Amino acid sequence: MVQTIQREVDQTSDYLEKKQLDERVIEALKTVPRHLFVPESQRDSAYQNRPLPIGYGQTISQPYIVAIMTDLIAPQAQHKALEIGTGSGYQAAVMSRLVEQVFSMEIVEPLGKLARERLQKLDYRNIEVAIEDGYHGWASEAPFDIIIVTAAASHIPPPLIEQLKPGGKMIIPVGSRFMTQQLLLVNKDRQNEVTVRQVLPVRFVPLINKSEL
């Protein structure tokens, strides 16, 4: 799986503006057992480089996407991270190997409960899961050094920009289900100025809000 990811990174290096992943990210991918984060019916495909269904209309992202989204926000050991869209818990588990604390939000209650139980069972002790609408972020734990959004929003939610620490980075897919989505890298500098870089086209399930449940 890691070799496949590295080949794709090389092939998309012009988009990513880098030719290889941080070694810490590669090690994190090697140590998280992806097959334990997918339904049993999908385990034979767990290490293929493609998204897989996890129930309730949601998916676990392909490993390449998990890898580049993690790498582009440059996680550091002292960081506090926010994830919007826990899903099966896989992205949070990868991130937990790289930062001090992960706060992850999932709006689909059954998925959130399953992910919380799975992460506890697998002894990921620096991850906290909330079953809440992630559009509004996690104000009581803000600010965050890095934010990762794993579902496509129609726009960058203003609360997430507000909760991003000066000097922080956010990665988020933006666009609709039926149109081209773009992976955006958001940087907030020390003076709170925000810049956005379009990375590459992607396809994600939509970011759900409470009115859609």
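Counting from 1, the numbers follow the sequence of the chain as shown. The figures here come from the full heavy-atom set of this structure, side chains too, leaving out hydrogens, waters and symmetry mates. This is a predicted model, so every value here is computed, not measured.
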Self-check item: Test side chain to side chain contact (heavy atoms under 4.5 Å, CB included) applied to I156 and L184, step by step
Solution: CA-CA 9 Å; I156 302 171; L184 303 181; 4.1 Å; yes
Quiz item: Going through the checks in order, is the side chain to side chain contact (heavy atoms under 4.5 Å, CB included) test met by H79 and M95?
Solution: CA-CA 10 Å; H79 278 174; M95 188 66 71; over 6 Å; no
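- Each of I131 and V108 belongs to its own hydrophobic cluster when Ile, Leu, Val, Met, Phe, Trp and Tyr are linked at side-chain heavy-atom distances under 4.5 angstrom.
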Practice problem: Decide salt bridge (charged side-chain N to carboxylate O under 4.0 Å, His left out) for E27 and R24; before the verdict, give the C-alpha distance in whole Å, the side-chain angles of both, and the deciding distance to 0.1 Å. | Solution: CA-CA 5 Å; E27 285 304 310; R24 294 175 62 244; over 6 Å; no
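- With hydrogens and angles ignored, the 3.5 Å screen pairs a side-chain donor or acceptor of E106 with a backbone N or O of G87.
- One hydrophobic cluster, built from ILVMFWY side chains closer than 4.5 Å, cannot hold both L52 and L114; they sit in different ones.
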Exercise. Apply the test side chain to side chain contact (heavy atoms under 4.5 Å, CB included) to residues V9 and I68: give CA-CA distance (whole Å), side-chain angles for both, the deciding distance (0.1 Å), then the verdict.
Key: CA-CA 8 Å; V9 168; I68 64 168; 4.1 Å; yes
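- In this structure S41 satisfies the side chain to side chain contact (heavy atoms under 4.5 Å, CB included) test together with P39, sequence neighbours excluded.
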Quiz item: Going through the checks in order, is the side chain to side chain contact (heavy atoms under 4.5 Å, CB included) test met by T4 and M1?
Solution: CA-CA 5 Å; T4 301; M1 183 183 81; 5.8 Å; no
Counting only pairs under 3.5 Å, give me each side-chain donor-acceptor contact of residues 70-78, with atom names and distances, residues two or more places apart or in other chains.
from, atom 1, to, atom 2, distance (Å)
T70, OG1, V66, O, 2.7
T70, OG1, Q91, NE2, 2.8
D71, OD1, K18, NZ, 3.4
D71, OD1, D22, N, 2.8
D71, OD2, K18, NZ, 2.4
Q76, NE2, A74, O, 3.4

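- Screening L29, N126, V102, V32 for a side chain to side chain contact (heavy atoms under 4.5 Å, CB included) involving R97 leaves a single residue, V32.
- Counting only heavy atoms from C-beta outward, the side chains of L160 and V149 approach each other to under 4.5 Å.
- Salt bridge absent: K188 and E193 never bring a charged side-chain N and a carboxylate O closer than 4.0 Å.
- A pairwise comparison of heavy atoms in S154 and V174 identifies O-CG1, 3.7 Å as the closest pair.
- The line from CD1 of I60 to CD1 of I54 is 6.5 Å long, rounded to the nearest 0.5 Å.
- No cation-pi contact links R34 to Y47, judged by a cut-off of 6.0 Å to the six-membered ring centre and 45° from its axis.
- With hydrogens and angles ignored, the 3.5 Å screen pairs a side-chain donor or acceptor of Q181 with a backbone N or O of F204.
- Taking the six-membered ring where tryptophan is involved, the planes of Y135 and H155 are perpendicular, since the angle between them exceeds 60° and thus also 30°.
- Taken from CG in N192 to NZ in K165, the straight-line distance is 12.5 Å, to the nearest 0.5 Å.
- Across all non-hydrogen atoms, the minimal contact from A93 to L119 is CB-CD2, 4.1 Å.
- Under the 4.5 Å side-chain criterion, counting only non-hydrogen atoms from C-beta, M69 is in contact with L183.
- Nearest heavy-atom pair, V38 versus A46, reported as atom, atom and distance to 0.1 Å: CG2-CB, 4.1 Å.
- P201 approaches T180 most closely through the heavy-atom pair CB-CG2, 4.1 Å.
- Without hydrogens or angle criteria, R118 side chain to L36 main chain gives a donor-acceptor distance under 3.5 Å.
- L82 is not listed as a side-chain neighbour of I146, based on a closest heavy-atom distance of 4.5 Å or more.
- Taking CD from Q101 and NZ from K80, the interatomic distance works out to 8.0 Å, rounded to the nearest 0.5 Å.
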Exercise. Mind running side chain to side chain donor-acceptor pair (under 3.5 Å) on Y90 and S61 for me, showing each step along the way?
Key: CA-CA 9 Å; Y90 178 70; S61 296; over 6 Å; no
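- Listed for the T150 side chain is a donor-acceptor partner under 3.5 Å among the backbone atoms of G85.
- Minimum interatomic distance between V99 and A81 (heavy atoms only, all atoms of both residues): CG2-CB, 4.2 Å.
- The existence of a salt bridge linking D123 and K121 is excluded, since no basic side-chain nitrogen approaches an acidic carboxylate oxygen closer than 4.0 Å.
- The heavy-atom pair separating T86 from S104 by the smallest distance is OG1-OG, 2.6 Å.
- A donor-acceptor pair under 3.5 Å links the side-chain atoms of S88 to the main chain of F37, judged by distance alone.
- Of the inter-residue distances, the one linking I127 atom CD1 with R116 atom CZ reads 12.0 Å to the nearest 0.5 angstrom.
- In this structure, E117 does not pair ionically with K113, as no charged nitrogen and carboxylate oxygen lie closer than 4.0 Å.
- In the hydrophobic clustering of ILVMFWY residues, with side-chain heavy atoms under 4.5 Å counting as a link, L185 and L98 come out together.
- If you take CE on M170 and CZ on F144, they are separated by 12.0 Å, rounding to the nearest 0.5 Å.
- Rounded to the nearest 0.5 Å, atoms CG (L21) and CD1 (I5) are 7.5 Å apart.
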